[in-house]
Amino acid sequence: MVIGDCNPDVLVLGDDVTPAFGQQEKLVDGISLVIGGSGSITAVAAARLGLRVALAAAIGDDPAGRFMLGQLAGEGVGTGAVAVREDAPTGMTVALSEGKDRAILTALGAMATLTAADVPVSLLTAARHVHVSSYFLLADSLGPGLAGLLGTARASGARTSLDTNWDPAERWGGEHLRAALAQTDLLLPNEAEALRLSGAAALPQALTALTAATAAGPGASGAGSGAGGPGPVIKLGARGALWAEGSRRYRAEPPPVTPADATGAGDCFNAGVIAGLLGGLDLGGAVALGCAAGAASTQAPGGTAGCPDLPTAQALARGVTVRPAAPGEAP
């Protein structure tokens with residue numbers, strides 16, 4: 001089960017997609033309407049990897065919302081828990097992509113109305129894994145009840161994971177996030193997010209601090225099946241990922257690729273890690289599968305066009321190097 005954001009992306013591609021104000025018109029290589037929202041992209045990527053997936057999110061009763069419902073259903077993602085609001089528009093994102101980097105403009109709309117009450121308990125207790133995307137976009141509405149949702153899932157035997165994504169308000173914390181992290185088995189930030197969430201100056205220290213904050217840490221609460229579980233896996237983009245297992249730290253290093261568009265690569269990484277763990281892989285093997293899914297996703301524009309199926313991701317994962325990280329290694 002994925003809990004998070006659901007919105008279309010208006011994807012703008014080109015070598016120079018920086019708008020020129022003063023009513024100047026600039027030509028770009030392409031503009032397309034695609035599946036957006038980290039939650040939706042993760043759900044689609046997980047379905048492509050062979051998982052049965054349900055999404056809990058909030059959309060408006062409008063053409064953009066109906067577009068998302070149709071696209072998700074076409075990918076095999078269950079949308080019965082997607083709440084439709086009559087009084088708010090579907091959120092929208094404009095992603096300006098120059099290949100390796102992108103800028104993102106988002107109007108939250110209905111996505112920021114999702115609350116814990118919108119998430120069916122029956123899905124939480126039936127799921128083997130519950131993943132939460134874009135915490136900071138939903139913090140005001142979902143945040144107060146999120147720890148309870150994750151605790152319910154863990155008490156029913158599910159593993160839990162959280163990708164906060166970027167915090168537009170630059171707050172990077174709060175009591176509701178701390179409570180949710182204590183019920184989170186697997187935290188999946190990127191490098192910049194890990195540094196800000198932890199307040200650390202370097203990744204080794206960030207990994208230590210975030211491990212202590214999650215359900216993997218020694219002082220964490222909760223007694224679900226994931227207690228003492230994986231902890232944080234920090235995404236390093238094209239350089240792979242960094243994580244800890246007990247006192248040892250590890251790196252996954254994928255082979256180089258030339259990206260067409262990096263939109264959704266981190267979300268596909270998340271799906272790969274989850275699929276790997278649910279498929280019985282150890283954490284290193286699951287991270288390798290995540291690296292493969294993330295790398296594959298960059299080969300086509302948009303968050304989902306390049307999502308691989310499981311055999312493709314498994315073949316790519318064989319080219320990912322997993323090794324111990326040197327003490328104090330800061331990629």
Side-chain angles (χ1 to χ4, degrees), residues 1-10 33-47 53-95 104-127 129-150 152-153 160-169 171 174 176-177 179-180 183-184 264 267 270-271 303-304:
M1 183 180 188
V2 178
I3 303 170
D5 46 342
C6 178
N7 60 270
D9 275 356
V10 178
L33 185 68
V34 297
I35 294 172
S38 290
S40 296
I41 294 171
T42 299
V44 169
V53 187
L55 174 68
I59 60 173
D61 184 12
D62 54 22
R66 289 188 283 276
F67 169 81
M68 287 301 298
L69 290 177
Q71 294 293 305
L72 291 167
E75 294 285 351
V77 175
T79 59
V82 176
V84 179
R85 310 295 196 211
E86 295 184 357
D87 57 350
T90 300
M92 294 279 285
T93 289
V94 177
I104 301 170
L105 301 171
T106 294
L108 293 175
M111 75 170 75
T113 69
L114 184 71
T115 70
D118 293 310
V119 181
V121 174
S122 60
L123 288 178
L124 284 176
T125 56
H129 190 111
V130 174
H131 175 74
V132 180
S133 289
S134 296
Y135 171 84
F136 287 116
L137 297 185
L138 312 174
D140 291 341
S141 60
L142 183 65
L146 182 57
L149 294 180
L150 296 177
T152 296
T160 59
S161 58
L162 172 64
D163 187 350
T164 65
N165 298 89
W166 189 260
D167 181 4
R171 292 176 294 189
H176 296 141
L177 178 59
Q183 297 291 345
T184 297
D267 306 315
N270 296 346
T304 62

[X] and [Y]: which non-hydrogen atoms are nearest, and at how many Å?
| X | Y | result |
| --- | --- | --- |
| Pro168 | Phe136 | CD-CB, 4.3 Å |
| Ala116 | Leu142 | N-CD1, 3.8 Å |
| Ala57 | Gly4 | CB-O, 3.2 Å |
| Leu137 | Ala112 | O-CB, 3.8 Å |
| Ala110 | Arg85 | CB-CG, 4.0 Å |
| Leu138 | Met111 | CD2-O, 2.8 Å |

Check: [Y] and [X] side chains under 4.5 Å, non-hydrogen atoms:
| X | Y | value |
| --- | --- | --- |
| Leu146 | His176 | no |
| Ile35 | Met68 | yes |
| Cys6 | Leu72 | yes |
| Val2 | His131 | yes |
| Val130 | Leu149 | no |
| Ile104 | Asp9 | no |

Short side-chain to backbone donor-acceptor contact, [X] and [Y], under 3.5 Å:
| X | Y | result |
| --- | --- | --- |
| Tyr135 | Leu162 | no |
| Asn165 | Ser134 | yes |
| Ser133 | Gly37 | no |
| Asp163 | Asp267 | no |

First locate atom [atom1] of [X], then atom [atom2] of [Y], and finally report the distance between them rounded to the nearest 0.5 Å.
| X | Y | atom1 | atom2 | answer |
| --- | --- | --- | --- | --- |
| Thr160 | His129 | OG1 | NE2 | 6.5 Å |
| Thr184 | Leu177 | OG1 | CG | 8.0 Å |
| Phe67 | Asp62 | CZ | CG | 12.5 Å |
| Leu55 | Glu75 | CG | CD | 12.5 Å |
| Thr304 | Ile41 | OG1 | CD1 | 7.0 Å |
| Leu150 | Ile3 | CG | CD1 | 6.5 Å |

### Query
Going by atom types only, do Thr93 and Thr106 share a side-chain donor-acceptor pair under 3.5 Å?
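Yes, because at least one side-chain N or O of Thr93 sits under 3.5 Å from a partner of the opposite role on Thr106.
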